[in-house]
Amino acid sequence: MSGRLYFAFPAVVAVIALPLVLPFGWVSTLGHVGLNAIVCTGLVLLAGVAGITSFGQAAFAGLGAYTTAYLTARMGFSPFVTLPVSLLVAGAVGWVIGAITIRLSGHYLVLATLAWGLSLFYLFGSLPFLGGFNGISEIPSPSVLNADLADQRVFTMVVWACLLVVLLGCANMLRGRTGRAMRSLRFAEMAESMGVDTNQLKLRLFVIAAILASLAGWLQAHFLTVVAPSSFSVTISLDYLFMTVLGGAASLVGAVAGPFVFEFIRSGLREGIPQLLGVSGNFELLIFGIIMIVVLHRARSGVSGLVMGWLPRSVPKADPSAQPLDRRRGAASGEDFIKIENVTKMFGGFCAVKSFDATIRTGEILGLIGPNGAGKSTLFNLITGVAHPTSGRIEIRGEAVQGKPARIIAAKGVSRTFQHVHLQPDLTVLENVALGAYRRGRAGIVSSVFGLDRHEEARMMAEAQRQLDRVGLGKLSGEKASVLALGQQRLVEIARALASDPIALLLDEPAAGLRHQEREALGALLRQLKAEGMGILIVEHDMNFIMNLTDRLIVLEFGSKIAEGTPDAVRADARVIEAYLGPAE
Amino acid sequence: MSGDQALSIRGLDVSYGAVKAVSGVEMTLPIGAIVAVLGPNGAGKTTLLSAVAGSLPYGGTVDLGGEDLSGLSIEERFRRGICLVPEQRELFGSMSVADNLLVGGFVRQRQGRTEARSEREKVYQMFPRLQERRHQRASTLSGGERQMLALGRALMGQPDVLLLDEPSLGLSPLIIKDMFAIIERLRDVGHSILLVEQNARMALKIADYAYVLEQGKVRLEGKAADLAQDERVIATYLGGAAADAG
Amino acid sequence: MPLIVFTILAQDGLANGLVYSLLAVSILLVFLVTRVLWVAAGDLVILSSFTLATATRGDVPGTVWITGLLALAVLIANAAKHLLHGKEDTRWGEHILAAAVSAVAVLAAIFLVPLNPPLIVNVLITLALMLPIAYALYRLAFQPTYSASPLMLLFVAVAIHYAFIGTTLLLFGPDGYRIPPYFPGRLSAFSVSISYQVLFIVFLTIVVILSLWLFFSRSILGKVLTATAVNRRGAQLVGISPMRGGVVAFVISGLMCTISGILIAPTTTLYYDSGFIISLKGFIGVVLGGMASFPLAAIGALGVGFVEAFSAFYTSTYRDVIVFGLLIPILLWRASMLGAHHDEDVH
């Protein structure tokens with residue numbers, strides 16, 4: 001994403017200078033587009049990155065606009081003072097609203113943003129001190145060196161300068177450690193297992209989007225010198241959303257392209273249709289609706305989806321000379337690291353795991369097998385904190401962790417892979433692996449935005465590359481994760497798990513989809529990790545693989561442990577054979 | 001050539017993205033036979049059935065009684081007489097047992113109410129348990145009853161070919177026995193059945209012919225009675241040396 | 001509050017609430033069968049009420065353009081699919097029926113309406129004009145994307161809503177519409193007086209809800225539709241195409257929206273862009289019902305009508321803030337119930 005932006009920036013800089021030469025009518029359009037692009041940037045962060053579709057962005061713009069309008073026109077404050085206040089108010093309201101609604105999912109979340117948007121809109125229109133449906137007028141416009149923001153050309157240049165700063169900051173943010181985690185938010189289960197607090201991160205993005213909308217609102221208020229509720233209605237929110245869809249929510253480029261295309265279609269329709277048909281009338285919305293339906297049918301990824309393929313892509317690379325990341329204090333081999341005591345998991349009346357006991361020791365490979373539906377995945381989820389036991393106790397180094405979320409368990413040195421591979425398909429292989437090291441870094445949003453995280457980034461990338469080399473995929477580090485074969489994707493997951501510097505490694509069917517040689521290599525790697533003192537729990541269906549690899553095997557059937565012991569002992573166990581093949585008569 | 005085959009599968013390939021889950025599978029299901037598809041977890045059995053039923057795109061051909069089914073949706077295949085009973089059963093949970101059955105027969109008996117009722121009586125005869133429970137919601141049934149209802153609902157469409165995915169999954173041993181007896185009876189009344197099962201011994205007992213899948217390919221095939229004696233079958237489940245132990 | 005005020009407010013609430021509940025039921029039906037959040041349902045209500053209002057004045061409603069052009073578009077789209085992809089289309093009977101209904105409706109509207117026929121004829125013409133629209137919208141806009149993500153479907157619905165606003169503005173202008181009550185006068189008993197209009201709304205809503213209930217609990221088609229809503233894949237497995245269900249759901253929903261429009265026409269002044277807000281009031285009911293229960297959705301929407309009426313009395317400026325602000329605690333409550341049952345759903 002970032003490399004494409006370097007392409008886009010000169011264009012944006014050129015646009016900033018454009019108002020000086022363009023005819024007046026065009027300048028006005030350009031300013032309008034830039035203003036919308038600022039809001040849409042927030043929407044790309046929300047919809048494209050975090051997977052939250054907001055139908056209420058116009059209301060946040062309204063918060064910014066009304067805050068400054070009230071403070072300047074009614075209270076006599078200087079507009080320069082009110083800019084931070086506007087952003088703060090929108091950010092604070094966004095934080096409260098986000099904290100309440102962000103946990104909702106799917107249709108509930110969509111409807112919730114709609115409800116907020118509507119409520120705020122009606123509030124603007126009905127609070128007496130905000131001027132009712134007439135709004136607030138005679139807002140002063142700030143001026144510096146004879147350049148007045150109410151002047152069309154000045155306004156347009158200021159808007160595009162703001163947009164440039166916003167885009168740069170967002171691009172930087174998305175590139176860094178926190179940005180990688182943000183870009184994994186749509187894969188929440190995976191992100192949580194990498195130690196990411198997904199709800200908190202979503203909330204931050206929600207607040208950032210609110211602040212961006214509020215910035216646009218502030219600019220608009222001082223340019224128009226009036227604010228009225230109709231500029232912040234849900235219809236306007238829908239416009240922002242359609243711009244983002246038109247541009248393509250998957251990239252920041254879309255945030256700029258969308259408003260352009262939107263404006264082009266809208267004004268084209270407004271002026272073109274009456275000329276074309278020789279009739280005057282309001283065809284604009286009708287035809288716009290039809291065009292949107294066609295776009296949604298034919299080009300779902302928007303403009304940026306169409307052009308992205310042509311633009312060069314910058315691929316983060318690892319510098320091997322970077323200082324290695326600090327390591328966790330290792331565990332002594334043979335330590336009882338995870339203890340599972342009498343754990344039961346019920347789903348309604350169905351008992352998925354029944355009074356299960358096991359110990360995962362460091363320096364040992366423990367296998368977990370059993371027929372389909374035996375409860376292996378459930379058990380895996382219970383240990384990693386994705387699900388919580390109905391009763392029983394799970395300890396990590398003597399500390400009870402049952403009921404704790406996945407990210408807390410990850411932080412204690414338990415790292416995992418997934419049965420159904422969970423990689424971020426749009427990130428490179430290297431970035432995916434670096435996500436595993438999330439907990440080992442500290443850089444947050446602010447340091448990323450200002451590019452202060454270079455040093456730590458280099459260390460993380462070097463670590464990611466080291467782990468990729470280890471699983472034999474070092475050469476593929478620059479590829480997109482989605483182009484890899486399934487077997488390779490599984491290995492990337494192992495590298496990602498290793499990048500977190502775990503004490504225990506939990507592998508869910510790591511050998512599925514691997515070719516014979518790859519299996520051999522995987523086996524060798526796991527043995528080496530064991531020798532280094534790592535504890536490994538492995539669920540696998542390839543019996544040859546697991547029998548040769550493990551020190552100890554546990555067999556599950558109907559949620560209960562039916563056998564435990566060395567592979568040879570388990571293989572000879574009559575109950576095990578019966579579980580797999582049915583009763584012999 | 002395929003005159004006495006209910007179903008023939010030629011060169012079937014199914015991929016998930018770049019990964020081949022099933023490759024080059026050749027399989028035939030004679031009319032009025034039970035053919036078992038065995039193999040460990042992840043061998044591609046369910047994928048195979050889904051492709052044949054029309055819910056996954058595939059390469060190769062699937063032939064139903066001589067007609068190539070390429071390009072037909074799952075609904076269109078059902079109308080031509082091929083019905084999948086999936087592992088998840090996919091019942092209409094909030095509807096009564098009786099209504100589940102009625103809906104199952106909708107496509108076949110859309111004209112006649114009485115025809116649908118009489119077809120439902122037949123299903124009740126085969127599964128008296130369902131008749132007892134006919135007013136109960138499907139979601140309140142036990143595992144065995146759910147499987148019976150799934151089968152009964154499929155039968156309402158009078159299919160020639162039944163694709164059964166793990167009918168014994170999650171059932172207790174006693175009910176599994178009943179279930180296999182029912183499957184044998186379905187064959188006896190003329191249905192051709194492709195049976196995916198993990199419970200290899202039981203499946204081989206009632207099947208006429210069997211294929212063993214491993215990593216998406218057919219590893220072994222033969223008469224069920226022969227395969228029941230074949231130690232290589234055990235090996236695919238429990239690893240190389242299992243033969244000595246068993 | 002004096003009793004007289006109370007009864008007036010209660011009647012207002014009842015009249016609007018019942019219309020909202022019809023809308024809520026129709027939105028929920030569409031959602032369960034097709035996963036579309038049908039935000040344009042309110043626009044259909046508006047269109048229906050404008051159509052009837054224009055017709056009762058003896059003018060040919062502009063709706064004939066929509067009905068006619070959409071019917072044409074469906075025919076062209078089908079022919080194109082047939083010619084370009086060589087796909088055999090087994091639904092010609094259905095297409096011809098839809099086209100015939102559209103043609104009859106358009107002709108009736110053009111030739112009968114100017115003769116100032118009795119109200120009932122105008123109502124029938126309105127129904128005949130509206131139903132093919134709902135049908136065509138599904139065929140043109142949703143059937144091609146029926147496998148798309150719910151969010152995409154929502155966007156398509158919003159785009160249709162845009163198109164509706166534009167069309168209604170174009171054909172009916174920016175003025176508000178309201179027609180005289182069908183049954184003027186009031187019924188007085190025990191010092192309480194109820195307008196006949198409200199009684200009529202109550203009566204018709206009960207009839208519609210009852211017939212809908214009969215349809216779903218007695219008819220095989222209703223059961224098939226329920227089955228599609230309950231488990232799409234299960235329905236496919238027994239040969240029922242989810243697209244068929246979609247068509248039926250859209251047409252039934254179109255019928256209910258039309259009836260809502262006819263009922264609301266004399267009670268509220270409506271504008272070309274009032275549809276979205278009306279839809280949202282229906283949605284509040286849908287959410288109250290957990291996006292699953294028809295009776296709860298209907299009762300919830302009825303409640304919205306009452307809250308609206310009484311909050312308008314106490315604090316008319318904050319009426320809409322209160323109505324939509326209500327949605328948020330309801331959403332949170334529903335979502336928390338979802339969370340509590342989540343474990344069971346997993347299994």
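Every chain is numbered from 1 and lettered A, B, ... according to where its sequence line falls, protein lines coming before strand lines.
- A cation-pi contact, defined as under 6.0 Å to the ring centre and within 45° of the axis, links R153(B) to F92(B).
- Contacts between A229(C) and chain B at a heavy-atom distance below 4.5 Å are absent for every atom of the residue.
- Contact of S73(B) with chain C is not made at all, since no heavy-atom distance falls under 4.5 Å.
- Separating the CD1 atom in I209(C) from the OG atom in S21(C) is a distance of 5.5 Å, to the nearest 0.5 Å.
- In this structure, the portion of L91(B) lying under 4.5 Å from any heavy atom of chain C is its backbone and not its side chain.
- For the 3.5 Å distance criterion, the side chains of S168(B) and E197(B) qualify, holding a donor opposite an acceptor.
- For S217(C), no part lies near chain B; criterion is any non-hydrogen pair under 4.5 Å.
- Between the side chains of D63(B) and T61(B), no donor-acceptor pair is found at a separation under 3.5 Å.
- Both the backbone and the side chain of V238(C) come within less than 4.5 Å of a heavy atom of chain B.
- Options N231(C), T228(C), V230(C) differ in how many heavy-atom pairs under 4.5 Å they form with chain B, and the most are formed by N231(C).
- For R218(C) and F216(C), the positive end is not near the middle of the six-membered ring at less than 6.0 Å and at most 45° from its axis.
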